[in-house]
Amino acid sequence: MSLLSTTTLAGLIQVFAWPWLWLALPLPLLMRWWPTRSGATPALQVPYALQQLRTVAAARPGSGPRLRSLLLWLAWFCLCMAAARPQQLGEAVEPPQQARQMMLAVDLSGSMSEPDMQLGGRVVDRLTAAKAVLADFLERRQGDRIGLLVFGQRAYPLTPLTADHASVREQLRDAVVGLAGRETALGDAIALSVKRLREQPQGQRVLILLTDGVNTAGVLEPLKAAELAKAEGVRVYTIAFGGSNDFSLFGVQIAADEDPIDEQTLTRIAAETGGRFFRAQDTQQLAGIYAELDRLEPVQQAGPALRPRIERYAWPLALALLLGAGAWLLPDRRA
């Protein structure tokens, strides 16, 4: 019968949950030395077998009883070890970062195809610029659960709230202008985002809405949707994204009469829900806005690393049973 080596036990057993139970180890010796009751003890007279009894008394114990005693002591040692609950410390586990439950609502209306943005030294449309900035934003939000919603004439969720940011980036990369219609349903986008966030923990519900237009479609007015977001504890950050509406005539810049983005409504939505309104006229400003959002909605750091405790009492308990069975099966012979 093979026994666990000291090195192996030291590797498996690193702490004891109840170390005070080791005090039971000398209990068999205490019971052996316990004082017996004094006085005359009755004796049995055997007149016909006196010589045989003297022979048995004078005989030395063989190896069987000594081995049995050793096995029983080892079994008792293992039982004490099992009672002390030996435990092994597992590998350190760092709890995951948990910061925000965040919905990204991105406008895919027809005006997002306007090529008035600069990205890497080349002219791109608004949606392409927004995708680049959002992809960088997602890289910095490790620990958040993020969902993606797109809207045009209607609002459609593309991904649920998830910690798999790669899938969110993939869905965002595949989104195209007009996917949800050519108009803009701001109120419906807010309402659907709130519906996705209402089951999440209070204080972590965040909506970031990016648009370049005014509400022209949908069944719910944006300010009514803002009231719904406020009631559900959703902070809405609104971003008005788009270049200047000025145009050039024979090389002369002419200012447009009105801004095609409803900044007033977006500002009221953000103020009503405890968020903020931002205006970005180029890619650099948009990147700065998402950096500011990182500051306003910081990712919480993970807590201290924990080492799980794995119970190992079954090992010494099984060994004690094997040793006890071996002692019981050992023949009791005298030399």
Side-chain angles (χ1 to χ4, degrees), residues 1-99 142-143 145 163 201 300-335:
M1 177 173 53
S2 62
L3 303 179
L4 286 176
S5 67
T6 306
T7 305
T8 305
L9 282 174
L12 291 174
I13 300 167
Q14 298 170 353
V15 292
F16 291 94
W18 298 335
W20 50 269
L21 281 173
W22 279 109
L23 297 175
L25 187 60
L27 189 59
L29 288 177
L30 295 177
M31 296 302 297
R32 183 176 182 181
W33 295 336
W34 194 265
T36 57
R37 185 177 178 181
S38 60
T41 55
L44 177 65
Q45 300 294 330
V46 187
Y48 305 107
L50 182 59
Q51 186 60 38
Q52 291 85 339
L53 289 176
R54 287 175 178 173
T55 302
V56 171
R60 293 184 177 182
S63 60
R66 285 198 297 268
L67 182 57
R68 172 181 292 169
S69 178
L70 176 62
L71 291 179
L72 289 176
W73 270 109
L74 288 175
W76 177 249
F77 176 84
C78 292
L79 280 177
C80 291
M81 182 184 294
R85 282 183 60 196
Q87 297 173 333
Q88 179 184 4
L89 296 178
E91 294 295 329
V93 177
E94 186 172 309
Q97 294 178 340
Q98 184 66 39
Q142 295 302 318
R145 294 177 68 238
Q300 297 174 355
Q301 296 300 316
L306 304 175
R307 297 188 68 181
R309 298 193 174 196
I310 306 169
E311 296 286 348
R312 295 298 188 192
Y313 67 87
W315 293 70
L317 181 60
L319 188 56
L321 293 176
L322 290 175
L323 291 169
W328 181 72
L329 295 174
L330 197 67
D332 186 12
R333 296 193 303 268
R334 291 179 180 269

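Computed from a predicted model, the values in this text were never measured in an experiment.
Within the 4.5 Å cutoff, no side-chain heavy atoms of L323 are placed close to those of L72. In this structure, the side chains of P86 and W315 stay at 4.5 Å or more apart for every pair of heavy atoms. Looking only at side-chain heavy atoms (C-beta outward), Q87 and I310 stay at 4.5 Å or farther from each other.
Partners of W22 according to the ring pair (Phe, Tyr, Trp, His ring centres under 6.0 Å) rule, which considers only residues two or more places apart in sequence or in another chain, are F16, F77. For the side-chain contact (heavy atoms from CB on, under 4.5 Å) test, no residue two or more places apart in sequence or in another chain qualifies with L321.
Going from atom CG of L317 over to atom CE of M81 covers 12.0 Å, rounded to the nearest 0.5 Å.
Of all heavy-atom pairs between G324 and A75, the closest is N-CB, 4.0 Å. Contact between A24 and P28 at its shortest, heavy atoms only, is O-CD, 4.2 Å. Closest approach of P316 and C78 over heavy atoms only: O-CB, 3.3 Å.
For the salt bridge (Lys or Arg N to Asp or Glu O under 4.0 Å) condition, the pairs that include at least one residue of residues 72-88, sequence neighbours left out, are R85-E311.
A donor-acceptor contact shorter than 3.5 Å links the side chain of W76 to the backbone of L25.
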